[in-house]
Amino acid sequence: MGPLQAARLFALRSVWSATGLRSAGRALVDALGSPDEGVRSVAGMFLVQGGKRAEPLIAEAIHRRQNLPTVAVIAGDIGAFRLEPELRRLTADADPEVAQAARDGLRILAAHQNPGSSQRG
């Protein structure tokens, strides 16, 4: 990840955090599909740090089938219990990577409900 890409991601996070500007948050979701692993990692980290504020963006991405493997795990990471039915539906997805990510997201959600039962959460 180059310095300009990093600066863009930090700017998007700042704008999204300070103003709630949905287009800035959507740009972070879009960055989850970057060919650059560093960009994907930082965008995912910023969305997870956004917590519940990221939930509508993650729900939208699930409905658009955008970056589903990553988005499904992020749904679990942010404790998006409202998205549990969507994650359950995705466990039967034809794409095995999506199905596995949905199972992982559900496992992470379960760890949020029972924090003593898992190292993650």
Side-chain angles (χ1 to χ4, degrees):
M1 174 172 53
L4 290 178
Q5 291 171 311
R8 178 178 180 270
L9 292 172
F10 276 90
L12 287 169
R13 182 194 63 172
S14 294
V15 169
W16 178 52
S17 294
T19 67
L21 187 64
R22 223 173 149 110
S23 61
R26 281 190 192 110
L28 290 173
V29 173
D30 291 345
L32 297 173
S34 170
D36 186 315
E37 183 180 352
V39 169
R40 292 191 310 268
S41 295
V42 170
M45 179 179 64
F46 287 164
L47 287 164
V48 170
Q49 288 173 351
K52 290 296 182 187
R53 185 178 33 227
E55 191 170 325
L57 298 168
I58 298 303
E60 184 179 289
I62 288 172
H63 292 143
R64 290 191 335 235
R65 295 190 59 84
Q66 181 183 15
N67 305 315
L68 275 178
T70 305
V71 166
V73 173
I74 289 173
D77 285 336
I78 64 173
F81 292 100
R82 181 178 70 84
L83 299 177
E84 186 175 355
E86 294 294 323
L87 292 176
R88 291 203 182 285
R89 182 183 57 77
L90 288 173
T91 62
D93 197 89
D95 182 337
E97 188 177 356
V98 170
Q100 182 58 53
R103 286 190 292 275
D104 292 343
L106 287 169
R107 188 186 80 249
I108 296 166
L109 274 179
H112 280 286
Q113 284 181 322
N114 304 308
S117 68
S118 173
Q119 296 277 330
R120 187 150 188 177

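Everything numeric here is computed off the predicted structure, so don't read it as measured data.
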Item checked: Validation row: R89, I62 side chains within 4.5 angstrom (heavy atoms) -> yes
Check: What distance separates F81 CZ from Q113 CD, expressed to the nearest 0.5 Å?
Finding: 4.5 Å
Check: To the nearest 0.5 Å, what is the distance between CG (L83) and CD1 (I78)?
Finding: 7.0 Å
Notebook entry, point to check: What is the distance from atom CD of Q5 to atom OG of S34, rounded to the nearest 0.5 Å?
Noted result: 6.0 Å
Margin query: Between the side chains of R65 and D93, is the shortest nitrogen-to-carboxylate-oxygen separation below 4.0 Å, so that they form an ion pair?
Written below: yes
Notebook entry, point to check: Any side-chain heavy-atom pair from P96 and Q100 closer than 4.5 angstrom?
Noted result: no
Check: Do you know the tightest heavy-atom contact between A61 and L68?
Finding: O-CD2, 4.4 Å
Next item on the list: Could you tell me whether the side chain of N67 and the main chain of T70 form a donor-acceptor pair under 3.5 Å?
Entry: no
Note to self: Which heavy atom of L109 sits nearest to which heavy atom of A75, and what is that distance?
What the structure shows: CD2-O, 4.1 Å
Note to self: Let me check something: do L32 and I108 share a hydrophobic cluster, defined by ILVMFWY side-chain heavy atoms less than 4.5 Å apart, either directly or through other members?
What the structure shows: no
Notebook entry, point to check: Counting distance only, does the side-chain N/O of R40 pair as donor-acceptor with the main-chain N or O of P35 below 3.5 Å?
Noted result: yes
Note to self: For residues L21 and F46: do they belong to one hydrophobic cluster (side chain heavy atoms under 4.5 Å, members Ile, Leu, Val, Met, Phe, Trp, Tyr)?
What the structure shows: no
Check: Between R8 and A27, what is the shortest heavy-atom contact and its length?
Finding: NH2-CB, 4.0 Å
Next item on the list: Might you point out which heavy atoms bring V42 and M1 nearest each other, and give the distance in Å?
Entry: CG2-CE, 3.5 Å
Notebook entry, point to check: What distance do I74 atom CD1 and I58 atom CD1 have between them, rounded to the nearest 0.5 Å?
Noted result: 4.5 Å
Check: How close do R82 and A59 get, heavy atom to heavy atom, and via which atoms?
Finding: NH2-CB, 3.7 Å
Check: Rounded to the nearest 0.5 Å, what separation is found between the CE atom of M45 and the CG atom of L28?
Finding: 10.5 Å
Notebook entry, point to check: Pick one: which of R26, R53, R22 meets side chain to side chain contact (heavy atoms under 4.5 Å, CB included) with W16?
Noted result: R53
Next item on the list: Return yes if some donor-acceptor pair links the side-chain N/O of D104 with the main-chain N/O of V73 below 3.5 Å, else return no.
Entry: no
Next item on the list: Group every Ile, Leu, Val, Met, Phe, Trp and Tyr by side-chain heavy-atom contacts under 4.5 Å, then state whether V15 and V48 land in the same group.
Entry: no
Note to self: Would you compute the distance between atom NZ of K52 and atom CD of E55 and round it to the nearest 0.5 angstrom?
What the structure shows: 4.5 Å
Next item on the list: Provide the closest heavy-atom pair for P69 versus A101 in the form atom of the first, atom of the second, distance.
Entry: O-CB, 3.2 Å
